[in-house]
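Just below is one structure, and these are the notes that go with it.
Start at 1 and go down the list; that is how both ligands and their atoms are numbered. Hydrogens, waters and symmetry mates play no part in the numbers below; they use all other heavy atoms, side chains included.
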Amino acid sequence: MTNKVRKIVVIGANGMLAQKVIEAADSAAKVICLDLPEFDITDRVAVLHTIEELCPDVIINCAAYTQVDKCETEEALAFRVNGEGPGFLAEAAKECDAVLVHISTDYVFAGDSGTPYREDDPVGPLSVYGRSKLKGERAIIASGLLRYFILRTSWLYGPGGPNFVETVLRLAAEREELRIVSDQIGSPTYTGDLARAIFALLQKSDDGRGSIYGIYHFSGDGACSWYDFASVIVARAQAAGIPLRVKTITPITTADYPLPAIRPAYSVFNKSKYQTAVAANIPQWQQSLQIYLDERQAII
Ligand SMILES: NC(=O)c1ccc[n+]([C@@H]2O[C@H](COP(=O)([O-])OP(=O)(O)OC[C@H]3O[C@@H](n4cnc5c(N)ncnc54)[C@H](OP(=O)(O)O)[C@@H]3O)[C@@H](O)[C@H]2O)c1
């Protein structure tokens, strides 16, 4: 990022993605962290007031109601946080002429496509979470803010959050058999890669390429099922000497493991818009998983 970006407000700053966003920010930038309970994106007046006072160059919204299954029973809250909050942030960004970066999800799609989803493909969320996140995207677009990035991502994991990698490692340490869904296909995304993607896009926008704003798809490169992902996690963890009890990983279907929220069966992204915009390669998901596991081992 160039020195043009002087003040960055990170919202949802205690969350999993925010941790890597804060780490990836240019050391010359002033990073201001906001999260609950002091800062609530559903409080429009407080959002407008706080952002106006801070007058940032960039707002990065990592805040969301991310418990996908709980959204089914907490619909009103999910829609306030994921659907309305981003609109308030866009309004505030417009007032102070800041760039807004917002994170959305593969769950805005129905998952019935046979080919990787492009940014302008028809949406069709299957869950409250997906519908609420789609409403958030639309609120930003409807605000009239011109300088925004909406990055849709998928299967996110990284330090500091409950995530699939941690769940698999925990269960694999406790049990001899894991049963993992093999009929949902997507792309795991390491928070470190997404954080770098955010700053890569911001850097390009600093270069004066005004037309770069809009919706982008970003995930780790490649595709797999949750079963494939779990198998690689376990194999890599065993190779790294992490003690595990697991002996068998059994592929099961979505129907064998019913959950309150329906997930898309296929949510692989076409990422060529991002790749063209920043002229950078996206790391393979297996490569990034190894980086995460190494990072995790270094901490333990
Ligand atoms: N995790 C995934 O697999 C995944 C996949 C695709 C897209 N995404 C998107 O990626 C983004 C980052 O996800 P993440 O997993 O890093 O999220 P996360 O760890 O759950 O962090 C979200 C943060 O937002 C805060 N927050 C919740 N409601 C808020 C409110 N009303 N006002 C201010 N802050 C609030 C949370 O605080 P509390 O903890 O106190 O509630 C938490 O600190 C989200 O937009 C998510 O929808 C995630």
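Y157 and Y292 have their aromatic ring centers within a separation under 6.0 angstrom.
Regarding atom 44 (C) of ligand 1, its nearest protein heavy-atom neighbour is A64 CB, 3.5 Å. For atom 16 (O) of ligand 1, the closest heavy atom belonging to the protein is L17 N, 2.8 Å. Protein heavy atom closest to atom 24 (O) of ligand 1, with residue, atom name and distance, is A63 CA, 3.2 Å.
Distances from atom 3 (O) of ligand 1 to the heavy atoms of D35, L156, T189 put L156 nearest. Between atom 40 (O) of ligand 1 and the options L36, V21, L194, the minimum heavy-atom separation is to L36. Closest heavy-atom approach to atom 20 (O) of ligand 1 among the candidates T105, T66, I11: T66.
Distance check, rounded to the nearest 0.5 Å: OH of Y213 to CG of L145 gives 9.5 Å.
Residue contacts with ligand 1: Y65 is excluded, as none of its non-hydrogen atoms falls under 4.0 Å. At least one heavy atom of C62 lies less than 4.0 angstrom from ligand 1.
A salt bridge links R6 and D57; the closest N-O separation between the charged side-chain nitrogens and carboxylate oxygens is under 4.0 Å.
For ligand 1, none of its N or O atoms has an N or O atom of T42 under 3.5 Å away. Residue Y129 has at least one N or O atom closer than 3.5 Å to an N or O atom of ligand 1. Checked against a 3.5 angstrom limit, the closest N/O atoms of D106 and ligand 1 fall outside it.
Inspection of the N82 and S132 side chains reveals an N or O donor paired with an N or O acceptor under 3.5 Å.
Near S104, the atoms of ligand 1 lying under 4.0 angstrom from a non-hydrogen atom of the residue are 7 (C).
Between the side chain of S225 and the backbone N or O of Y227, at least one donor-acceptor pair lies under 3.5 Å. The main-chain N or O of I103 is found under 3.5 Å from a side-chain atom of K133 such that the two form a donor-acceptor pair.
Side-chain heavy atoms closer than 4.5 Å link hydrophobic residues (I, L, V, M, F, W, Y) into clusters, and following such links, possibly through other members, connects V10 to F149.
Per-atom contact check: atom 31 (N) of ligand 1 touches the protein, criterion being a heavy-atom distance below 4.0 Å.
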